[in-house]
Amino acid sequence: MATAKRIALVTGANKGIGLEIARNLARAGCIVLLGARNVERGKHAVRQLQQTGLSDVHFIEIDVTNQHTITAAAQHIESHYGHLDILLNNAGVNLRGDGLPGAADVNTVQKIFDTNFFGALRVAQTMLPLLRKSPAGRIVNVSSGLGSLTFNTDPSWSGYNTKFIGYNASKTALNMLTVQLAYELRGTKIKVNSANPGYTKTDLNNNQGIQPVEVGAMEATRLALLDDDGPTGQSSSKDGPDPW
Ligand code: NAP
């Protein structure tokens, strides 16, 4: 189906920052494919947005740890739209059992990596052929200040004492995905960037975050809608570029 509207896929979009990004992209005129691993939660989120007049939001099942669901989603996008303009790798977890390297449960660390890093890698690889067909593809990896090696080693940084080997390292690895994918796609129209939402009130941190989702979703939304002269291969928050 030929359409002038941008096609955007947001993973883990049934709640939190992802739901807010989906709302923003729909408001910006995109056709939003709201990704969720749970059908009921995903469809409920779609209804929430549709009830506010955002009719071009559609549920798509994606568990980023399950390649079959990702492949099926890509086939669905191919047959309905023929291409993908925006991929927002937002799905992420923070699991009990993570901690400092001497104490963290290694199986838990692996599970965190399976979602936060391997999940984004799987989805990016699978969606790449569809993104290559876009006139201006955008990939945004929702990272974290906790993934910055510079911040992790700066005693004056507000998150300096938040040291979870699984979560923080998974976001560092995700940043490497941003760097290497941007390198691989240099010379194409696809831009790849990491977005740091800031400490946002969501279920991920038992709603301890200090800012609302409306603020947490700002930078990822901006990077998803970047003009052709925007950056690639960078990490940034709403306050500007972040150090790696
Ligand atoms: P959240 O409210 O817990 O939302 C996380 C979302 O990811 C949920 O929709 C969850 O689905 C989904 N998800 C988890 N595992 C998945 C999987 N295997 N496949 C598909 N979806 C999956 O947390 P959030 O704060 O909005 O987190 C969104 C992103 O922001 C994450 O990448 C997180 O690391 C990042 N981030 C958050 C903060 C913060 O302060 N909140 C700061 C920096 C970065 P279910 O509902 O099914 O669990």
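Start at 1 and go down the list; that is how both ligands and their atoms are numbered. Because the structure is predicted, anything quoted here is derived from the model rather than measured.
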Once side chain to side chain contact (heavy atoms under 4.5 Å, CB included) is applied, do any residues pair with Q75, and if so which ones, sequence neighbours excluded? T71
The criterion is side chain to side chain contact (heavy atoms under 4.5 Å, CB included); which residues satisfy it with D98, sequence neighbours excluded? A104, V109, I112, F164, I165, Y167
Let me see the working for R132 and I190 under side chain to side chain contact (heavy atoms under 4.5 Å, CB included), right down to the final yes or no. CA-CA 7 Å; R132 286 183 186 277; I190 305 174; 4.0 Å; yes
Counting only non-hydrogen atoms and a 4.0 Å cut-off, the residues near ligand 1 are G12, N14, K15, G16, I17, R37, R41, I62, D63, V64, T65, N90, A91, G92, V93, T115, V142, S143, S144, Y167, K171, P197, G198, Y199, T200, T202, D203, L204, N205
Can the positive tip of K201 be found less than 6.0 Å from the middle of the six-membered ring of Y199, inside 45° of the ring normal? no
Can you sort out the partners of F151 under ring pair (Phe, Tyr, Trp, His ring centres under 6.0 Å), two or more places apart, ordered by chain and number? W157
Around atom NZ of K189, are there more than 12 heavy atoms of other residues, nucleotides or ligands at under 6.0 Å? no
